[in-house]
Amino acid sequence: MVMYEKTKAHFNEKFKNLPEGHLLVNLGPSHPATHGILQNVIQIDGERIVEAESVIGYVHRCFEKLGERYDYNQFLVCTDRMNYVSTPMNNIGWILTVEKMLQIEVPDRVTYVRMIISELSRIMDHIVCVGILGVDIGAFSGFLHLFHHRENIYQVLEKLTGARLTTTFCRVGGMERDIYPGFVEEIQLVCRELKPALEEFNNLLIRNRIFQDRTAGIGGISQEEALAYGYSGPNLRATGVDWDIRKDQPYMLYDKVDFDIPVGEDGSVLHRTLVRMEEIRQSIRIIEQLITNIPSGSYHADLPHIFLPEKDKVYNNMEELIYHFKIIMHGIKVPSGECYLATEAANGELGYTIISEGEKTPWRVHVRRPCFWYYQSFPDLVRGGLLADSVATMSSLNVIAGELDC
Amino acid sequence: MIESILEFLKLNYSHFLIEEEQRNSNIPHVFLKPEGIVPVLEALKTHEKYSLSYLNDLTAVDWLGKRKIRFEVLYLLRSPKNKHSQIQIRVPIDEGDSVPSIVSVFKGANWPEREVYDLFGIPFINHPNLERIVLPDNFVGYPLRKDYPLEGPGQDYLIQDLLQIHIQDDISKED
Amino acid sequence: MGLKDLMNKPGEMLGDMAQVANLDSVIQWGKSYSLWPYPFATACCGIEYMSTSCSDYDIARFGAERPSFSPRQADMILVLGTITYKMAPVLREIYDQLAEPKYVISVGACASSGGMFHTYGVLQGIDRILPVDVYVPGCPPRPEALLDAVIKLQEKVKSQGLEGRRQEVMRKIQEINERNRPLVVR
């Protein structure tokens with residue numbers, strides 16, 4: 001095929017003159033052990049990996065160019081589809097960046113709900129990562145039990161935003177609708193049911209001797225290497241560096257809530273899993289502090305030039321009709337300038353760079369994806385290990401292909 | 001902190017600095033010439049006080065029609081010791097020029113530089129493996145430039161050999 | 001009671017253990033209730049497939065019990081997610097490796113028509129390169145929609161014999177070859 005000629009030539013050049021008994025194996029792009037479309041070309045000697053290299057780009061959906069076509073509210077449909085296991089967090093990150101450029105303040109009610117939904121999506125992401133790690137190693141039941149609780153969170157998101165997965169949560173200046181009656185009780189129920197399920201999963205998988213034998217000491221990385229590669233998030237915390245944007249550069253109201261940051265030691269697969277399990281418990285702790293104290297008030301800032309007014313006022317009053325027309329036709333007037341804002345997504349530091357020239361759509365949008373920076377180090381993590389261990393390593397890194405290729 | 005960094009750079013690397021007015025950005029930034037990027041980043045990384053030892057982001061912008069020099073490569077650095085404050089280094093380059101690669105200073109710059117080469121066409125000198133990363137190998141053009149249309153000018157050449165499905169039976173004989 | 005009369009009344013029992021039917025209909029009945037999928041999951045729709053195969057919605061009750069990751073052992077390929085130009089040759093190779101008779105369900109807007117991504121990198125629908133049987137709209141479609149697609153495919157398999165299936169695939173391939181003239185972009 002013409003399309004892969006240069007890649008094939010590159011690999012033939014890199015892996016020519018293999019020593020006696022070595023084999024070149026292609027793992028992917030469509031492979032049960034890779035989550036999403038990732039290809040790894042591996043040189044193995046028996047079962048030991050000698051050298052590896054990754055090929056990415058199989059699901060490049062051109063979000064950065066779409067950002068120049070869509071305006072500031074419409075780009076939410078693109079951020080939905082980046083990290084598709086914890087969707088509301090990407091949306092919230094984008095909205096916070098735009099609100100920082102406009103320098104507007106939103107009411108506390110909005111911030112509380114955004115934080116609660118953000119922590120719920122972190123729980124969703126970690127459930128998928130830890131569950132799929134079990135499936136890849138061969139333990140299917142734990143995944144099935146935990147996934148039921150993920151469905152419960154989907155029910156809450158569907159009632160709040162209208163969609164299970166592509167939520168398009170928040171608008172610039174607030175949320176698109178107020179929380180529904182029963183929101184508080186349902187989330188309390190979700191948290192109450194999740195706690196014993198986590199302990200059950202812990203006993204089923206994490207404390208299982210086979211799991212610990214397969215994951216302890218595998219795929220580790222030192223602190224200096226991790227920082228040189230640009231790691232962030234649970235993978236970095238598993239190596240012992242206690243960075244968390246929620247504590248270092250707090251955004252929303254994270255400096256007012258109480259939570260701890262779990263830190264591992266040697267960055268191995270087991271430590272990443274333990275860090276993620278503990279982060280789920282800390283997220284439940286944050287939610288419980290916030291859910292009972294949601295302040296009353298409006299669900300959006302009082303900015304008629306930015307936030308669409310309510311529909312019955314649009315149909316009856318002249319002023320709201322004009323605001324509605326101007327926002328839809330001419331867009332939100334973001335002043336000419338640039339902004340970079342990073343939030344702590346489930347995988348690490350998710351940063352948005354927006355460069356605006358004062359027009360309806362941005363001039364340039366760049367997304368700093370955490371997966372892209374730490375997946376580069378995959379050859380270093382698996383070199384010298386066994387082939388089966390590379391599967392566990394890839395699984396524990398939590399690489400989401402939609403975010404990797406952007 | 002940006003003022004002391006500027007002083008430090010003016011003292012030691014003034015031949016690399018470019019005088020330009022600050023843009024309206026929330027991150028303080030410095031403009032550098034391309035040949036100065038490796039020594040300056042090395043110095044800032046190993047400095048005891050500033051210690052900008054973490055590369056946060058690497059990207060590029062196409063200013064077609066808006067500014068004289070067409071492209072700008074942006075490096076975002078962070079200093080964990082100084083409360084994680086950030087500084088951005090901007091390198092304006094023209095079409096056809098290339099930028100030295102900083103893979104020797106920060107290992108993690110490998111793929112982001114390949115991505116900038118892939119999508120903008122800015123080559124990096126001394127990069128270990130400068131090839132297309134997110135686009136197919138036979139792709140022609142650099143999509144994130146402003147003169148490339150979003151839909152592409154006609155992408156069928158990429159899968160030309162898949163578009164006609166060849167089957168062995170002779171269908172004309174079926175009734 | 002001749003054989004022909006019996007066969008015109010499908011499902012009628014002789015005593016309590018015997019039935020008369022076409023060999024074709026028995027085979028189609030067996031095939032339709034044991035369609036083993038090959039989940040070709042690329043993007044967000046893959047996560048909805050994970051939800052569908054878990055205990056809350058459970059695609060296994062419809063016969064899709066064993067998701068096979070080797071194309072030679074699967075009956076149908078579920079294309080879940082966006083297919084880019086870089087991925088299209090891989091999809092075609094995997095489709096070629098499936099053993100006949102094989103079925104294709106294109107799940108989601110991206111696989112059916114390119115979805116919201118009318119961009120330089122995304123293939124505008126897998127029916128440019130493969131003959132598709134069922135299209136599932138949605139972004140992503142709900143698990144119930146995916147189950148409905150499996151049910152529709154089951155009805156199609158039950159009603160079509162081997163020869164009818166072959167003719168249909170040949171006709172679809174002819175249409176694809178005719179349709180693949182260069183895509184005109186505005």
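When reading the values below, keep in mind they use all heavy atoms of this one structure, side chains included, and skip hydrogens, waters and symmetry mates. Protein chains get the first letters and strands the later ones, always in sequence-line order, with residue 1 at the start of each.
For A:I56, the parts lying under 4.5 angstrom from a heavy atom of chain B are both the backbone and the side chain. Interface remark: B:Q160 contributes no atoms to any contact with chain A (heavy atom separation under 4.5 Å). Proximity to chain A involves both the backbone and the side chain of B:L55, based on heavy atoms less than 4.5 angstrom apart. Neither the backbone nor the side chain of A:K14 has a heavy atom closer than 4.5 Å to any heavy atom of chain B. Contacts of A:S232 with chain B are made by both backbone and side-chain atoms, with heavy-atom separations under 4.5 Å. Of the atoms belonging to A:E53, it is side-chain heavy atoms, and not backbone ones, that fall under 4.5 Å from chain B. Contact of A:L341 with chain B is not made at all, since no heavy-atom distance falls under 4.5 Å.
One N or O on the side chain of B:N26 and one on the backbone of A:Y340 form a donor-acceptor pair closer than 3.5 Å. No donor-acceptor pair closer than 3.5 Å links the side chain of B:R132 to the backbone N or O of A:K6.
Separating the CZ atom in A:F372 from the CG atom in B:L58 is a distance of 9.5 Å, to the nearest 0.5 Å. How far SG of A:C339 is from CD1 of B:I27: 7.5 Å, rounded to the nearest 0.5 Å. Here CG of B:D57 is found 3.5 Å from NE2 of A:H366. Values are rounded to the nearest 0.5 Å. Atoms OG and CH2, from A:S54 and B:W111 in turn, are 4.5 Å apart once rounded to the nearest 0.5 Å.
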Would you sort out whether B:D62 and A:E68 count as a side chain to side chain contact (heavy atoms under 4.5 Å, CB included), showing the intermediate values? CA-CA 12 Å; B:D62 180 4; A:E68 298 167 14; over 6 Å; no

Could you go through A:W243 and B:Y54, starting from their C-alpha distance and side-chain angles, then the distance that decides it, and tell me whether this counts as ring-ring contact (aromatic ring centres under 6.0 Å, His included)? CA-CA 12 Å; A:W243 287 9; B:Y54 187 73; 4.9 Å; yes

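Annotation for A:D248: atom CG counts as buried by contact number, over 12 foreign heavy atoms lying within 6.0 Å. The number of heavy-atom neighbours closer than 6.0 Å to NZ of B:K81, taken from other residues, nucleotides and ligands shown, is 12 or below. The neighbour count for B:Q22 CD, taken as heavy atoms of other residues, nucleotides or ligands under 6.0 Å away, is above 12. Counting heavy atoms of neighbouring residues, nucleotides and ligands inside a 6.0 Å radius, atom CG of A:D242 does not exceed 12 of them.
Side-chain contact between B:L119 and A:K65 is absent, with no heavy-atom pair separated by less than 4.5 Å. A:M3 is listed as a side-chain neighbour of B:L158, based on a closest heavy-atom distance under 4.5 Å. A:E357 places a side-chain heavy atom less than 4.5 Å from the side chain of B:W63. Between A:T7 and B:E131 there is no side-chain heavy-atom pair separated by less than 4.5 Å. Counting heavy atoms from C-beta outward, A:Q249 and B:R78 have side chains that approach closer than 4.5 Å.
Shortest non-hydrogen contact noted between B:K146 and A:W363 is NZ-O, 2.8 Å. When all heavy atoms of B:V134 and A:H60 are compared, the closest pair comes out as O-CB, 3.5 Å. Among all heavy-atom pairs drawn from A:Q376 and B:P112, the shortest one is NE2-CD, 3.9 Å.
A:R368 and B:T59 form no side-chain donor-acceptor contact under 3.5 Å, judged by distance and modelled atom types alone.
Salt bridge annotation for B:R90-A:E338: present, with a cationic side-chain nitrogen under 4.0 angstrom from a carboxylate oxygen. A salt bridge between B:K66 and A:E359 is present, with a side-chain N of the basic residue lying under 4.0 Å from a carboxylate O of the acidic one. Contact check on A:R369 versus B:E115 returns a salt bridge, with a Lys/Arg side-chain nitrogen under 4.0 Å from an Asp/Glu carboxylate oxygen.
Contact count against chain A (heavy-atom pairs under 4.5 Å) is highest for B:Q86 among B:K83, B:Q86, B:K45. In terms of heavy-atom pairs under 4.5 angstrom with chain B, the leader among A:Y375, A:Y374, A:Y229 is A:Y229. Ranking B:N129, B:L74, B:D118 against chain A, the residue ahead of the rest is B:N129, based on heavy-atom pairs under 4.5 Å.
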